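Before any comments, here is the structure.
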Amino acid sequence: MLSRSNLNRLAAFWRHFPAANAVNLTLIIIGIMLVWLLISNTIENPARYLPSPIQVVLSSFDMIYKGLLPSYFGDTITRLVVGSSIGLALGIPFGLLLGLNRTVADMFYPMMNFFQSVSGIAIFPIVVVWWGNSDKTVLAVILYTSFFPIAFTVLSGVREVPLRYIHAARTLGASRYQIIRDVLLPGSMPHIATGSRLSIGFAWRAVIAGEMLAGREGLGWMIFTGQDADKTSEVILGMVMIGVSWIILDHYLLRPFEADTIERWGLVQR
Amino acid sequence: MPAKLVVEGLTHHYPDEYTGESVHALEKINLEVDEGELVTVVGPSGCGKSTLLNILAGLLPYREGIASVDGVQISGPGSDRGVVFQEHAILPWRSVAKNIGHGLEIKGMAKEEREARVKDFVDLVGLSGFEDKYPHELSGGMKQRCAVARTLCADPVIMLMDEPFAAVDAQTRITLQEELNRIAIATKKTIMFITHAVDEAAFLGDRCFVFSARPGRLKAIVNINIPRERRIWADMNADEEFVSSRDEILRLVREEVSVAVEE
Ligand SMILES: Nc1ncnc2c1ncn2[C@@H]1O[C@H](COP(=O)(O)OP(=O)(O)O)[C@@H](O)[C@H]1O
Ligand SMILES: [Mg+2]
């Protein structure tokens, strides 16, 4: 009999096999594809409103053949990686430094809170005024978008590191620098992880929006111009590419990082 | 020989920012701890035991009185005074071995030398086989063993312990007390051990400082003349010296608790 506990045991057993996960994922994707196919076959003018998955795949072949898709993809990923790496590389130490001193932290807190709420898109117009529709503009927006969420999250994180850990290090004779390195930095790792996820997620949105607004070639631009040119299959292709790249990024970069740090240390339970 | 730890006329008030009144935690404490001695401090809850320990650890600044270790006035935390806290304060992001070696790492000791020393202390507290585990994978008793080893490994002049076994279950606590006694024999460390449990104070102490209810004063000193080698829980209830010391401490503490209740 398949009782509830048996089902749970089966699920737990299943989860230990990456292959099983892959099977599950494939089943889900096939399911979505079928529903999608069904809908696009029942509506009128699917090429305009909802091209079938087959059409999208065909248009991806076409774009790969023309060399457009790899080039757009490369441009977008480069912008994202450059922009958000700089954003994280500056934001983490900045948040950490601000968080060290209570008075400084309290002073900067409202300002950081302000900027992390003003989204990258909102500052886009003014950056265009400064630098025009350039790559520099898109990069600046991505950098801005990734910097503030991580800096703000780390700032809050440093202040939440339990005092007893700091005391323990101090009674072992730790210097200020050693306390930062051995206690505050690892202690704010859960926040660094969450903040990085937020930052990169926001940067993803910013790069797409930035390309659309500034007219720089890339996946965002592809979606935008695909609509103008009435090539809905390219719009959908762009959307799928964005989603899939995020999942890959998350799976191969963010998740292993979390597994090696905060999960290994028991700071979060999964 | 001069005492390792000297406290003279130590008084402490906690200011209250909101009411402007202050909490009088310690009143003119005078005490000395000799080299290699294990003293216990016992007193009712809220009598200022942790306050005293935090001052000695250098974590709490004090204005009135003197506190010194080896003749050097205490003016901040330092590796000459090791602390074992009540709550688990070993770092969750360091393995057992890395936690125990942390003090040596801070001092800049070379890796090979450090690892050899860490191994000795892992063995001393019975954590062999758990070196690579992280704190969340340990039981409460093992966490405190790790905390004790971490403090010992940094080789402090005096070890300060604030109710380190209060949060573990009764069975584990008895084991930990016997282990600490064994460690005291093996390392000859100078130790100040704070507790609110009377039998723990009598079992572990060469001397026991009994504190009055707040403001904490040193009310009495009880000597417990039992050789460390004989201190095994199974024999204690038949040990006249233990029973009489414990009852004496109990009587002294009871007076204070009733005073606190009447107030
Ligand atoms: N940081 C603090 N600020 C104000 N009052 C405090 C503080 N810490 C402790 N106290 C007060 O000082 C007294 C002694 O506290 P404590 O030293 O923790 O006692 P014990 O460890 O003996 O239980 C208590 O009345 C407590 O409420
Ligand atoms: Mg206390």
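Given the structure is predicted, the values throughout are model-derived calculations rather than measurements. Every chain is numbered from 1 and lettered A, B, ... according to where its sequence line falls, protein lines coming before strand lines.
The interface of residues 84-110 of chain A with chain B, defined by heavy-atom distances below 4.5 Å, is empty. Contacts from residues 163-186 of chain A to chain B, taken as heavy-atom pairs separated by less than 4.5 Å, involve A:Arg164, A:Tyr165, A:His167, A:Ala168, A:Ala169, A:Arg170, A:Thr171, A:Leu172, A:Gly173, A:Ala174, A:Gln178, A:Arg181, A:Asp182, A:Val183, A:Pro186 in sequence order. Residues from residues 105-124 of chain B that place a non-hydrogen atom less than 4.5 Å from a non-hydrogen atom of chain A comprise B:Glu105, B:Ile106, given in numerical order.
Heavy-atom neighbours of A:Arg159 CZ from other residues, nucleotides or ligands within 6.0 Å: above the threshold of 12. More than 12 non-hydrogen atoms from other residues, nucleotides or ligands lie less than 6.0 angstrom from NE2 of B:His13. Shown here is B:Phe130, whose CZ atom has no more than 12 heavy atoms of other residues, nucleotides or ligands within 6.0 Å.
Looking at B:Arg150, the atoms closer than 4.5 Å to chain A (heavy atoms on both sides) sit in the backbone and in the side chain alike. Using a 4.5 Å cut-off between heavy atoms, B:Ala154 contacts chain A through its side chain alone, with no backbone atom that close. B:Ile90 touches chain A through its backbone: at least one of N, CA, C or O sits under 4.5 Å from a heavy atom, while the side chain does not.
In terms of the salt bridge (charged side-chain N to carboxylate O under 4.0 Å, His left out) criterion, residue partners of A:Asp250 (sequence neighbours excluded) are, by chain and number, A:Arg197.
In terms of heavy-atom pairs under 4.5 Å with chain A, the best-connected choice from B:Ser79, B:Pro135, B:Pro92, B:Gly103 is B:Pro92.
Residues A:Arg264 and B:His136 come closest through the heavy atom pair O-NE2, 2.9 Å.
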